[in-house]
Amino acid sequence: MEKVRTRFAPSPTGFMHIGNLRTCLYAYLWAKKHNGTFVLRIEDTDQERYVEGAVDVIYSTLKKAGINHDEGPDKDGGYGPYIQSERKPLYLKYAQELVEKGGAYYCFCTKERLATLKDENGITRYDKHCLSLSKEEVQQRIAAGEPYVIRQNIPTEGVSEYDDMVFGHISVPNKDMEDEILIKSDGMPTYNFANVVDDHLMNINYVIRGVEYLSSTPKYNLMYDAFGWERPHYMHLSPIMKDAQRKLSKRYGDANFEDFIAKGYLPEAIVNYIALLGWAPKSNQEKMTMQEMLEQFDVDGISHSPSIFDEAKMRWLNGEYIKELSVDDFVKYATPYFEQSKIAGKYDYKKLAELLIPRTEIFSDIPEKVNFLEEFGEFDVEMFEHKKMKITKEIALSVLRKCEEVLPSFEKWDNDSLKEMLMKTATDMGIKTGQIFLPLRLAISAAASTPGGATELAVLLGKEETLRRLKFSRELLESKM
RNA sequence: GGCCCUAUGGUCAAGCGGUUAAGACACCACCCUUUCACGGUGGUAUCAUGGGUUCGAAUCCCGUUAGGGUCACCA
């Protein structure tokens with residue numbers, strides 16, 4: 001196998017979309033799997049859509065995602081420049097070469113004339129009007145300063161075919177393809193042309209991109225052929241969808257890598273999840289490192305149909321990653337969320353982390369899990385009733401009274417000691433351990449669910465606060481009996 | 001509308017002519033349990049449709065239906 005070279009060629013139009021990131025990932029995996037080279041190229045031929053700072057977003061996203069390009073604007077590998085706008089002179093030269101070889105021609109048609117070519121569906125198909133212009137006339141009109149474009153000259157007969165690595169054999173009748181513009185009247189190349197020229201010049205031999213190019217690829221092949229260049233291999237990828245009809249896109253929100261990071265997802269989890277959207281490893285393994293993906297990635301496992309993005313599954317995967325975090329790492333990621341919760345600046349984040357690690361799927365869930373520590377007040381005493389544990393309000397009340405009796409004089413305020421003492425108290429009272437812990441937990445948290453049991457919360461709250469809450473709840477319960 | 005592509009549970013998906021049609025998420029039940037989680041066990045649920053080919057079809061072929069893409073001086 002020849003030395004593999006793949007590329008990711010985004011347009012700097014803003015944030016990095018999840019779909020683009022997946023395309024990028026696959027291109028990276030394919031290159032690295034074969035010890036090849038992964039190239040980053042910026043396609044900014046459309047000045048109108050250029051967004052300031054977008055290139056930096058691309059760098060930072062790749063970095064966070066763990067995708068390291070071997071060549072790019074910031075890493076010269078001898079195939080530069082890697083920014084299309086800096087390659088401008090090249091394209092016209094190659095377009096002229098293509099004209100000479102018969103693969104393209106100058107066109108002077110005005111937008112007005114083109115508008116008259118619309119068919120009943122509003123589809124414009126160029127009629128090769130300018131193909132018949134003589135060389136002399138073309139020269140003369142160019143010299144006169146008349147605006148022009150250069151169009152690809154596609155045969156009107158025959159069929160163009162190629163084999164896509166994921167979709168298999170694709171064949172498109174030549175008559176169904178239009179003579180597309182290669183060089184715009186502003187002298188800039190269109191994507192169609194710049195892409196082919198750059199891919200060839202940069203020696204890209206595996207072109208990995210979205211399916212939207214599947215049916216126009218024969219056109220690109222026709223250009224490779226006309227130039228006498230070797231065609232690359234193609235791997236087209238089905239889109240990631242929001243639902244059965246709509247593609248995942250900025251318009252529907254949350255489609256950007258950065259958005260998910262902001263929501264409290266770990267970059268590795270996002271990358272892992274999107275790798276699995278549209279590709280399934282032979283091993284059936286789901287949680288995998290970049291290294292494991294490299295080893296297992298293969299074209300066979302790439303699906304042909306669109307995949308619907310399922311955030312619930314990504315949440316689960318993220319939770320799996322969080323469970324493996326050390327307490328310190330968890331605190332590092334979680335601190336911003338602690339800071340925006342009601343307990344900001346209070347409590348020991350490390351202690352909380354221990355309780356939270358197995359119960360957190362995404363970091364932004366943290367505030368609602370810890371707010372009960374500060375938010376304490378009246379609650380529905382019916383919550384004391386617990387059928388499965390056979391707890392009634394009467395039992396709960398006697399438990400709370402007993403706790404108020406034994407806790408004030410208890411000195412060893414740590415989890416194990418409290419637990420041991422309370423279990424003994426339960427025995428003394430002739431009830432099951434669950435019947436003492438459950439009412440106590442409720443009494444000091446006022447919350448139906450908390451990230452930890454009664455004694456863990458008691459330690460967190462401290463003795464004084466625990467007793468204050470206990471008294472409050474006991475009185476509340478008494479008043480409602 | 002022309003052309004190209006796609007079709008397995010709610011979602012991601014395995015499957016490559018013979019399987020009780022994997023697995024994961026979600027959901028439900030049970031177990032564990034100091035709540036909630038975690039963990040464990042089990043369960044509900046899928047081959048779009050009609051024709052072929054074949055002893056035998058989720059798998060191959062054709063039609064239908066549905067969906068996506070494309071038909072820009074966007075990429």
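Hydrogens, waters and symmetry mates are skipped; everything else that's a heavy atom, side chains included, is used. Here is the naming used below: chain letters follow the sequence lines, and residue numbers restart at 1 for every chain.
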message = Could you tell me how far B:rA13 sits from B:rA45 if I compare only their C1' atoms? Round to whole Å.
response = 15 Å
Taking a pair to mean Watson-Crick or G-U wobble geometry with both distances below 3.5 Å, B:rU35 pairs with none
For B:rU59, the nucleotide meeting Watson-Crick or G-U wobble distances (both under 3.5 Å) is none
- When all nucleic acid strands are considered with a 4.0 Å heavy-atom cut-off, which category describes A:Asn121: base, sugar-phosphate, or nothing? base
- May I ask you to verify if any side-chain N or O of A:Ser307 is less than 4.0 angstrom from the OP1 or OP2 atom of B:rU11? no
Just checking A:Tyr273: base, sugar-phosphate only, or nothing, at a heavy-atom cut-off of under 4.0 Å? nothing
*Centre of A:Tyr273's six-membered ring, under 6.0 Å away, within 45 degrees of the axis: is that where NZ or CZ of A:Lys313 sits?*
no
Counting the atoms with a prime plus P, OP1 and OP2 as sugar-phosphate, which does A:Ile181 contact under 4.0 Å by heavy atoms, base, sugar-phosphate, or nothing? base
Can you tell me if A:Thr13 touches the phosphate of B:rC74, counting only side-chain N or O atoms and a distance under 4.0 Å to OP1 or OP2? no
query: Counting any heavy atom closer than 4.0 Å, what does A:Thr124 reach on the DNA or RNA strands: base, sugar-phosphate only, or nothing?
result: sugar-phosphate
inquiry  = Taking any heavy-atom pair under 4.0 Å as a contact, classify A:Ser185: base, sugar-phosphate, or nothing.
reply    = base
Tell me whether the centres of the aromatic rings in A:Phe384 and A:Phe379 are closer together than 6.0 Å.
yes
Open item on the list: Ring centres under 6.0 Å, that's the criterion: do A:Phe8 and A:His69 meet it?
Closed with: no
Report which part of the nucleic acid A:Val149 touches: base, sugar-phosphate, or nothing (heavy-atom distance under 4.0 Å, all strands). base
Cation-aromatic face contact A:Arg209/A:Tyr213, 6.0 Å, 45 degrees: yes
- Using a cut-off of 4.0 Å on non-hydrogen atoms, how would the nucleic acid contact of A:Ile123 be classed: base, sugar-phosphate, or nothing? base
With sugar-phosphate taken as primed atoms, P, OP1 and OP2 and all else as base, the protein-contact string of nucleotides 31-41 of chain B at under 4.0 Å (heavy atoms; B, S, -) is --BBBBSSS--
When both distances are under 3.5 Å in a Watson-Crick or G-U wobble arrangement, the nucleotide paired with B:rU41 is B:rA29
Closest to the side chain of A:Ile170, out of B:rC5, B:rG68, B:rU11, is B:rC5
Separation of the P atoms in B:rC55 and B:rC3, to the nearest angstrom:
35 Å
By the Watson-Crick or G-U definition, both distances under 3.5 Å, B:rU65 is matched with B:rA7
query = Using the P atom in both, what is the distance from B:rA26 to B:rA72, to the nearest Å?
reply = 45 Å
Of B:rU70, B:rU11, B:rC73, the nucleotide closest to the side chain of A:Asp310 is B:rU11
Is any side-chain nitrogen or oxygen of A:His304 closer than 4.0 Å to OP1 or OP2 of B:rC5? no
Say whether A:Tyr265 and A:Glu361, considering side chains only, have a donor N or O and an acceptor N or O under 3.5 Å apart.
-> no
| request: Check whether the ring centres of A:Tyr234 and A:Tyr220 lie less than 6.0 Å apart, and answer yes or no. | output: no
Margin query: Please tell me if A:Lys282 has a side-chain N or O lying less than 4.0 Å from either OP1 or OP2 of B:rA13.
Written below: no
For the residue pair A:Asp365 and A:Thr360, confirm or rule out a side-chain donor-acceptor distance under 3.5 Å.
no
- Query: Heavy atoms under 4.0 Å, any strand shown: does A:Glu120 hit a base, just sugar-phosphate, or nothing?
  - Reply: nothing
When both distances are under 3.5 Å in a Watson-Crick or G-U wobble arrangement, the nucleotide paired with B:rU46 is none
From CD1 of A:Ile274 across to P of B:rA24 the rounded distance in Å is 23 Å
Atom CG of A:Asn192 and atom C1' of B:rA72 are separated, to the nearest Å, by 10 Å
As its Watson-Crick or G-U partner within any shown strand, both distances under 3.5 Å, B:rU70 has B:rG2
Whole-Å distance, A:Met235 CE to B:rC5 C1', equals 18 Å
(Q) Within 45 degrees of the ring normal and closer than 6.0 Å to the centroid, is that where the cationic atom of A:Arg141 sits relative to A:Phe108? (A) yes
Task: Geometric cation-pi criterion A:Arg151 and A:Tyr126, 6.0 Å radius, 45° cone - done: yes
Can you tell me how far P in B:rG50 sits from the matching atom in B:rA58, rounded to whole Å? 12 Å
